[in-house]
Number of protein chains: 2
Amino acid sequence: MTATYRDVKADILSKIVRGEWEPGGLIPGEVELAEQYSCARATVNRAVRELADDGIVERRRKAGTRVRMTPVRQARFDIPLIRSEIEQSGSTYRYALIDDSVVVAPDWLTARLTLEPESRARHLICLHYADGKAYQLEDRWINLATLPQAEQADFSTTGPNEWLVATVPFSDVEIAFSASAADAALARYLDCMVGDALFTTERSTWWEGQAVTHVRLSFRPGHRMTAQY
Amino acid sequence: MTATYRDVKADILSKIVRGEWEPGGLIPGEVELAEQYSCARATVNRAVRELADDGIVERRRKAGTRVRMTPVRQARFDIPLIRSEIEQSGSTYRYALIDDSVVVAPDWLTARLTLEPESRARHLICLHYADGKAYQLEDRWINLATLPQAEQADFSTTGPNEWLVATVPFSDVEIAFSASAADAALARYLDCMVGDALFTTERSTWWEGQAVTHVRLSFRPGHRMTAQY
DNA sequence: CAGTGGTCTAGACCACTGA
DNA sequence: CAGTGGTCTAGACCACTGT
């Protein structure tokens, strides 16, 4: 008889899905629902709050709770370490450092990360292989003003990503996905044709407001990123 | 003096970010934290539970709560209606229906959605414009076995997406992002070159286990999808 | 100003799981 | 079996915000 917050949540959701409570419509208040399910208001609150977090309903004090007109559709993607991604798919992971230099940050990077002019950065080109075939090219810049210890770090056997995750574990990230054509260098590294459509992700990372790193990841042709919701 | 769950959450997070509590390490139990913050255990519970939802810590009964070794990095994307996406960017939205037919589902679609053999489907090609320029090509299949009323629906002035959202508001979705090269048709519709790299998303949708629709959305060259986390 | 959600509390019992 | 998180309760006060 005792309804759990999961029961309440599931029941409310089914009323919405089955159309008993229509999009845009008001649903009963917490006190009323608590009576109906004969449970405490806190239990109802958690159920409805989670539905609000899921984008199913919209809550406003005094105005009550409404079923969203257009349910907010959102997808969640896990952003795994490349090594885990490859190993979890059952393939063998291999890493290679292609190029490594310390340079003054180019203008586009200075703009993108809002760096001081003439900031020094470590620029790395790395390749990640799955079962011996090129899987992803990593073009990374690390801001040496924020992370001076990155100048000495050894990236010859382990990718900078793993070092960064260990060094700056909790940071703010901006991420973008796009499609881009392979240039000559990319085609050579990823063993594809110049002009091939490559799935590309770019990430910029800050820690306590300080720009840490920027990376462009280009996947081999045909790569798909998937999710359910 | 009374600590809210937000205070507690923020304080715990800052201890983790500043390294006071290290990745992999155990953090105090709920009772102990409740004493430290002089608040109820339920308050601490909510704070730590949210940190677990955010992928910062990992909780297990009896074992306690640990800071995650590798924080689970996950990005959330809102999947807006194309109309809203364009209008919210300040552009003018226009829609055009390019092609419309009812056919027997091709094999790849039957396989993808696990349809009955010889299922009939409505196949639509639509173009979405931003400020008069082609923005996205929509290649959609609607399963008429599940949604017979889709055979009569009028998609000449409004895209099938809006009709579907109104008709089957709550459904299960599988989504995939990739890059693909423009073929002749895509190049013509999106006003680009054959072979151009296009950002592409594919969605398959079910409702109560029944396949509803499959759509491939191809964006004009240069499109980026972004998020923060 | 009044009604609704937002949050806290003190206490309780339960469920899982590591030692 | 014992310790930790998971959840529920009954009651309370607060903070918004529509009317």
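Residue numbers start from 1 in every chain, and the chains themselves are labelled A, B, ... in the order their sequence lines are given, proteins ahead of strands.
- Contacts between residues 20-33 of chain B and DNA chain C, defined by a heavy-atom separation below 4.0 Å, involve no residue at all.
- Protein atom CG of B/N45 is 11 Å distant from nucleotide atom C1' of D/dT4, rounded to whole Å.
- Computed from coordinates, the A/E58 CD to C/dT4 C1' distance equals 15 Å when rounded to whole Å.
- With the 3.5 Å cutoff on both pairing distances, Watson-Crick and G-U pairs in DNA chain C assemble into runs of at least 3 at C:1-18 with D:1-18.
- Nearest nucleotide to the side chain of B/T4, out of D/dG5, C/dC8, C/dG5: C/dC8.
- In this structure, the OH atom of A/Y5 is 16 Å from the P atom of D/dG5, given to the nearest Å.
- The stretch residues 146-162 of chain B participates, sequence neighbours left out, in these salt bridge (Lys or Arg N to Asp or Glu O under 4.0 Å) pairs: B/R83-B/E162, B/R120-B/E151.
- For A/Y129, there are no ring-ring contact (aromatic ring centres under 6.0 Å, His included) partners two or more places apart in sequence or in a different chain.
- Between A/T65 and the phosphate of C/dT4, there is no side-chain N or O to OP1/OP2 separation shorter than 4.0 Å.
- Distance, B/R49 CZ to C/dC8 P: 11 Å, rounded to whole Å.
- Under the 4.0 Å criterion applied to side-chain N and carboxylate O atoms, A/R49 and A/D53 are not assigned as salt-bridge partners.
- For the salt bridge (Lys or Arg N to Asp or Glu O under 4.0 Å) test, no residue two or more places apart in sequence or in another chain qualifies with B/R66.
- For B/F77, the ring-ring contact (aromatic ring centres under 6.0 Å, His included) partners two or more places apart in sequence, or in a different chain, are A/F77, A/F177.
- Between the CZ atom of A/R59 and the P atom of D/dT17 there is a distance of 14 Å, rounded to whole Å.
- Legend: residues meeting side chain to side chain contact (heavy atoms under 4.5 Å, CB included) with B/A153, ordered by chain and number and at least two apart, are B/R122, B/F155, B/W163.
- Computed from coordinates, the B/R46 CZ to D/dG6 P distance equals 15 Å when rounded to whole Å.
- In terms of the side chain to side chain contact (heavy atoms under 4.5 Å, CB included) criterion, residue partners of B/L13 (sequence neighbours excluded) are, by chain and number, B/V17, B/L51, B/I56.
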Note to self: Does the protein touch nucleotides 9-19 of chain C at the base, only the backbone, or not at all? Give it as B, S and - per nucleotide, heavy atoms under 4.0 Å.
What the structure shows: B--B--BBBB-

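- Ring geometry for B/F199 against B/F219 counts as tilted: the plane angle lies between 30° and 60°, on a 0 to 90° scale.
- Residues forming a ring-ring contact (aromatic ring centres under 6.0 Å, His included) with B/H128 (at least two apart in sequence, or on another chain): B/Y93, B/Y95.
- For the pair A/D7 CG and D/dT7 P, the interatomic distance rounds to 12 Å; values are reported in whole Å.
- Across the protein-nucleic acid pair, A/D53 atom CG and C/dG5 atom C1' stand 14 Å apart, rounded to whole Å.
- When the side chain to side chain contact (heavy atoms under 4.5 Å, CB included) test is applied to A/E32, the partners found at least two apart in sequence or on another chain are A/P28, A/Q36.
- B/E30 is linked by a side chain to side chain contact (heavy atoms under 4.5 Å, CB included) to B/R41, B/V44, B/N45, B/R59, counting only residues two or more places apart in sequence or in another chain.
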